[in-house]
*Asks:* 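Dumping the structure here so I can ask a few things about it.
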Amino acid sequence: MINVDDVEILLVEDNQNDIELTLRALKKHNLTNFVHVVKDGAEALAFIFCTGVYASRQLETGPKVVLLDLKLPKVDGLEVLRQIKSDERTKVIPVVVMTSSQEERDIVESYKLGVNSYIVKPVDFDKFIQCVAELGYYWVLCNKPPR
Amino acid sequence: MSSPSDRRSASAQKPRRKTANRTRRSRQAAAGKVAARDITALKRTQEELKKANDELERRVKERTAELAEANVILQEQIAERKRQSAAMATAMDGIAILTQDEAYVYMNEAHAKIYGYDGPEALLGKTWRELYYDNEIKKIEREILPAFWEKGRSQGEVIGKRRDGSTVDTEISLTAIAEGGLVCVCRDITERKRAEEALRFQKTLLECQSEAAIDGILVASSDRKWLSFNRRFIDMWDIPEEVARAKSSELALRWVKDKLADPEQFLTRVEYLYQHPDEESQDEIVLKDGRIFDRYSAPVKSAEEAYYGRVWYYRDITERRRAEQELCKLASIVEHTESGVAISSGDTFELVNPAFARMHGYAVEELIGTPVAQIFAPEFRAQVPEHIWAAKERGRLTFEAPHLRKDGTVFPALIQVTAVRDEQGKPLYRIATVIDISERKQAEDKLQRYTKRLENLQEIDRAVLAARSPEKIAQAALHHIQDLMPCLRASVVVFDFETKEGVVIATQVCRETKIGTGARWPITAFELVETLEQGKPVVVDDLLSRPLSPIMKALQEEGVRSYINVPLISKGEFIGTVNLASEKPGAFSNEDVEIAREIANSLAIAIQQARLHEQVQRHAVELEQRVAERTAELEAFSYSVSHDLRSPLRAIDGFSRILQEDHAGMLDAECNRLLSIIRSNTQNMAQLIDDLLAFSRIGRKELQRTEVDMTELAKTVWEELKAATPGRKLHVKIMPLPVAHGDRAMLRQVFVNLLANAIKFTRPRETAMIEVGAGVEGNQNVYYVKDNGVGFDMQYVHKLFGVFQRLHGAEEFEGTGVGLAIVQRIIQRHGGRVWAEGKAGEGAAIYFTLPSKGMKL
């Protein structure tokens, strides 16, 4: 378990398979060192806003990117997105929605809430690997967020 | 003559006419008598003269013969002659003796005086020509002298010249005498001439009068010969000339008989009158042609009562009788009309008709002479003089006023007064027509009340329509009820037959009450529910006259004495009551009950509708909720499909791949092949899911209609697809396509699917020939995409557009069988239709229509 203050990628995903596949994809590009996985929306919010078990975490050291599934237990992904983007302290954190949903509604809603990117997870594993790798590469290594 | 309108005065005229006739007759007789006397006197004189002459002649002859020897007695004779001369001198007539040479030798005083001389002296020795004008002298020489010369005597009428130059009518008689001279006896006949002239004038006048008379006049002798008749008589009876000329009553009667309505009576009467010469008669004769003659007949007698015959006067009174009948009719109208008619010239009644007396409760006689003001109600009397004045002033006045009956009751009347004036415009009298307008007034009042009632009901209806809940509707209805009838309180009770309770849902009360809105009573506490259930109202005129239910007792304590309950019945269902109460006993009339019923009817319908409305709204809310639920479910489903079904696929594919990657050394070729099959199927499955979602999205998505350039759209799609399929020889022909009105994204999907199919199914062809074209059919644009691909058998055409329906094997052509289903759904949502034509091995054509520009869907 890494120090929560060193987390660069917060992966919010309840599906164990997807978690494993995502981590495998990130690993291919050596991006797994600073990944933290939470399995529901509530935990995601706790992490982001440093509450509950994450109370000791420093909010300013927030992740470089949040990979967010939409369909989540407890608090769904759109709500998580809304809260992140409506708080002055967290709204600068890039959020990438990674979901199976191709619903127009979800896509539009996500962009309205200020999502930075919306990725439909390909069923094809090769495409999936490539997609996640590009994504991690871009947001973690290339992107220069304001500090 | 007598007025034709007055029968009485006509008969009163009769004796007067008779007197006139008599006077006329006696005057005639008198004139005749003068003439007769004159002639008698003349004759006597002439005879005397003749006698005298004869005597003279005889004596002259005797003397002439005896002259010589009779000298002795000459003295005597001279004396005698002197006596005679004296006699002649004093005679009435003028006597003159002329010599042979026409000179006067003797003339008496009378003769001289006839010619205007004082005495004979101035004329003796003069010739007779001195006494005549030339014309007259010539006439004498022509007419009188020749006879004298021939016969020795002659006579005639001549006009003498008086001394003063004036003329005198004379009659002269000449007689020759023995001595060769002549004696002229002369008489002044001026008076006689005048009398004759008068007689002639009188006769002419009589004839004129007779002819001018309006009566037909016939005078017949006692032997029934016509003596005289006038033209009018002939005309009235239309008697032919020859009958008139015959002058026979018998003949005339035969002629007249045919014209009579009752000839027998006529003839009998005529016969009787001829038989009784002294009788006078007046009777009426009716002719067959409808004319009516008034006949007067009387004997004609001389002054000396000598009977000449009978005069018949006939007068045509047809018009007069008709006028009299008209007058009678008019009189009977006044007598029998239901309108009161009164005539007065001053302040009292001079004439009233029976209706007038009856409507005021008097006998006709009682009202004659009573003051006009008496029949008006006391409060109006002060205005009577000004109304009379106004009627005189304007000529006619119509007004309404309260009239007083003898028994003191008052009724409203409509009065029309007409002032009648004479020809000079002087007011004669006033005619008042009076109509009892009680009924009309009542009808008017009723109509007014009815109108008010309708207005109120309409207001109630409006209020009821505006209100939403039964309570508000009932309150709105009650709000207006007090405008319609006086009631202490009004309420609406609705029954709940499940809880067996009546609930007061609205009240309109003038004072505080225990039974206000919201009060609940068990149904058993209400009165006569069974009667109400049958739709009949309950009317109680006095609460004190009957045992009281608990509610009634409460009401009575609040001052209620009478009330009505009217059932609220909607579609045969008894749902409640409208209750009206008053502090007065018997306060509610039948009309009030009627009004209450009308209100109850409106109310019942409104309450029922409000309940239905509430129900409908509840249903709508429920439905909406259900739809929302279903939609949410469906969305959750779609979401699950979209999200949850893909995750396992990704896992299957992912882990298969990991297996291949991480454990490649442990897997033989067969393992790899099987893993590839697994992965290929997950791809298929993913595609199926995507297509299915796309298909379901088409159904849910709203159309965004714009003008779509179909030519451009087809070309763009074509370019994209062509780029995605390199290495194919594709030959396409895109014709100019009409602009469509539709959802661009959806129509794009149509072209994508159709062109992709065309590319797919022409794969076996060396050169794919694809054509996109269009035509116009009515108000539809027909577009098509044709290819020379593998085509299809037309017997399966019905399967072509089904979801997941495929006519080819998956090995032959990839695909899920959703493409054409999506096309069909899009086109149908645009109001168009899709069909296909094809032949196995020869190609296929898919057609679709879209409404042309301007069509609204």
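Chain letters run A, B, ... following the sequence lines, proteins first, then strands; residues in each count from 1. Source: prediction; values computed, not measured.
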*Asks:* Enter the distance from B:Ile658:CD1 to A:Leu21:CG here, rounded to the nearest 0.5 Å.
*Replies:* 5.0 Å
*Asks:* For the pair B:Arg679 and A:Asp126, evaluate side-chain contact (heavy atoms from CB on, under 4.5 Å) and give the outcome as yes or no after the intermediate values.
*Replies:* CA-CA 11 Å; B:Arg679 291 193 65 200; A:Asp126 294 338; 3.6 Å; yes
*Asks:* What part of A:Asn15 gets closer than 4.5 Å to chain B, counting heavy atoms only: side chain, backbone, both or neither?
*Replies:* side chain
*Asks:* Is a salt bridge present between A:Arg24 and B:Asp662, judged by a nitrogen-to-oxygen distance below 4.0 Å?
*Replies:* yes
*Asks:* Is the NZ or CZ atom of B:Arg650 positioned over A:Phe125's six-membered ring, under 6.0 angstrom from the centre and within 45° of the axis?
*Replies:* no
*Asks:* Enumerate by number any residue of residues 110-118 of chain A whose heavy atoms lie under 4.5 Å from heavy atoms of chain B; in the absence of such residues, state 'none'.
*Replies:* none
*Asks:* Does any heavy atom of chain B fall under 4.5 Å from the side chain of A:Glu20, the backbone, both, or neither of them?
*Replies:* side chain
*Asks:* Once rounded to the nearest 0.5 Å, what's the spacing between atom OG of B:Ser647 and atom NZ of A:Lys71?
*Replies:* 8.5 Å
*Asks:* Does A:Lys27, at its NZ atom, have more than 12 non-hydrogen atoms belonging to other residues, nucleotides or ligands within less than 6.0 Å?
*Replies:* no
*Asks:* For A:Val123 versus B:Gln683, what's the shortest heavy-atom pair and its separation?
*Replies:* C-NE2, 4.2 Å
